[in-house]
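These notes concern the structure reproduced below.
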Amino acid sequence: MKVKSIRGFHDILPENIKRWHLIEDAAKYIFELYGFSEIRIPVLEFTDVFARSLGTTTDIVEKEMYTFTDRDGSSLTLRPEGTAGVVRAYIEDSMHAKSSISKLYYTGMMFRHERPQKGRFRGFYQIGAELIGPEEPASDAELVAMLWRFFEEIDLTQFLELEISSLGDQNCRPQYKEKLVGYFSPQKNELCEDCQRRLETNPLRILDCKQKRCKEIAADAPSMLDNLCEDCENHFDSVKENLDSVGIPYKINPKIVRGLDYYTRTVFEITTDQLGSQNAVAAGGRYDGLVNELGGPATAAVGFAMGIERIILLQEIALPEGFGKDVNVFIAHLGDEARQAAFTLAFNLRNKGISVETDYATKSLKSQMKRADKLGASYTFIIGEDELKKAVIKVRDMKESSEEDIKLEDIINSSDKFKS
RNA sequence: GUGCGUGUAGCUCAGGUUGGUUAGAGCACUGGGUUGUGGUCCCAGGGGUCGCCGGUUCAAAUCCGGUCACGCACCCCA
């Protein structure tokens, strides 16, 4: 019986790992420039943490969580997203008492029991950032600017669009919801089945429906942006001004609806038209009520998460040829004595920071050269009987196809020149 | 969870509709041509339970049923 991975889970193979490193390194670099520190939190939490955070009627909580009962009877869940756990840690570790502003980022695997599709997996990686404490619009703008800068850094903005909106707060959203229900109710029978249900559970979602008729009806629906209270409107205006001042290109899309209940005020999405129906590459927003909801002090916060697999797919479009291995030196050897010499030389060169590969067995020079070529070695060192006798190494520049004999001691002493 | 499509070598795919001896190609891999020289070329070699289970048949990669996996769309989202 052959073993296999679980549906919707996948391996990230060495031939692809450079793309991952590129993205992870860029995120770390940019986020730390903006003052964020990494936090590592458990993959597993009490189910309650997610149920209370995301909202009990959301799809994720209703049907997508990997939930099971622990030996002591408590219900545990594999995290479907990162924010809830970070906020739990923020509260549990009393971070509010250590500083009025916490800037945290995380990366790791998330789990959702969905039907796999292109760019959609059951086990997938996210990188996210949370800015907890400030409620001022400059914090929203800084976070969005950072996110866009990240995508500039990895050179993918050509495929992307940044959209922002505001969902209002406890003061204006309930009124707006009623207004929406009032607008849709007379036309209820023309809405699709899902939207008729949404009218009861979450009328905002109707705005995001892809059905033709629903779209037509929704086109004339009242907009949240026209119904913001004064505070929310000022907040949103200020976010936009801040983004304008640093030239971040955004579009206003009043129909943005987030799938999680905890969002308030500013919401944003970075989307692409390159990935079929999985068009969201990153998304986030403000969630001023969540910390308090989970039992912490009333604390404002903004955050986002991005799907690494989706970014990888874009990266593959942008740079299909990928990245080669960068071996500096390959050492080819002929004969037992030479193999021994190659082993010690490889050890010594690696100690000097040179990446070295060599064959373990004694093979023909030709096959060793082939391997050197395949590994993309910049130089190949050849050690045979002649070289051993003269205490030299034959150094072949693979690009130039030129060779010269260099004394063994000179190679060690000036090893830096082989680093390219 | 629903619908449609696809599963043949490590990868990309022929063959299948008209069932019939040893299931093919390209790329990749290994070795050789060049007894100490890569990237081009030539030659040779290794590698396959034809996704899995069952049915029809003298005979199934091929037809039928089921199942699993993947893909696309719905849904949802990162």
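Chain letters run A, B, ... following the sequence lines, proteins first, then strands; residues in each count from 1. Heavy atoms only: backbone and side chains are in, while hydrogens, waters and symmetry mates are out.
- Here A/Gly128 lies out of heavy-atom contact (under 4.0 Å) with every strand.
- Going from atom OH of A/Tyr379 over to atom C1' of B/U37 covers 18 Å, rounded to whole Å.
- One cannot find a donor-acceptor pair under 3.5 Å joining the base of B/G1 and the side-chain atoms of A/Glu64.
- B/U40 atom P lies 12 Å from atom NZ of A/Lys366, rounded to whole Å.
- In this structure, A/Glu387 reaches the bases: a heavy-atom distance under 4.0 Å links it to at least one base atom across the strands shown.
- Residue A/Glu309 is out of contact with every strand shown, counting any heavy-atom pair closer than 4.0 Å.
- Atom P of nucleotide B/A78 and atom CZ of A/Phe124 are separated by 8 Å, given to the nearest angstrom.
- Distance CD/A/Gln315 to CZ/A/Arg19: 5.0 Å, rounded to 0.5 Å.
- Going from atom CD of A/Glu163 over to atom C1' of B/A78 covers 15 Å, rounded to whole Å.
- Between the side chain of A/Arg112 and the base of B/A78, a donor-acceptor pair under 3.5 Å is found.
- Remark: P of B/G33 and CG of A/Leu365 are 13 Å apart, rounded to the nearest angstrom.
- For the pair A/Asp373 CG and B/A28 P, the interatomic distance rounds to 12 Å; values are reported in whole Å.
- Using a 4.0 Å heavy-atom cutoff across all strands shown, A/Arg371 reaches no nucleic acid atom at all.
- A donor N or O paired with an acceptor N or O is found under 3.5 Å between the base of B/G38 and the side-chain atoms of A/Ser401.
- Nearest-nucleotide mapping onto RNA chain B: of A/Ile270 and A/Leu275, the residue sitting toward the 5' end is A/Leu275.
- Using the six-membered ring where Trp is involved, A/Tyr287 and A/Tyr263 have ring planes that are perpendicular, over 60° apart on the 30 and 60° scheme.
- Within 3.5 Å, a donor on the side chain of A/Glu403 pairs with an acceptor on the base of B/U37, or the reverse.
- Across the interface with RNA chain B, nearest-nucleotide mapping of A/Gln126 and A/Arg115 shows A/Arg115 to be the residue nearer the 5′ end.
- B/A78 atom P lies 9 Å from atom CD of A/Glu114, rounded to whole Å.
- Using a 30° and 60° split on the angle between ring planes, A/His96 and A/Tyr90 fall in the tilted class, from 30° to 60°.
- A tilted orientation is assigned to the rings of A/Tyr66 and A/His113, their planes being inclined by 30° to 60°.
- Rounded to a whole angstrom, the distance from the P atom of B/U30 to that of B/G39 is 12 Å.
- When both distances must be under 3.5 Å, the Watson-Crick or G-U wobble mate of B/C58 is B/G20.
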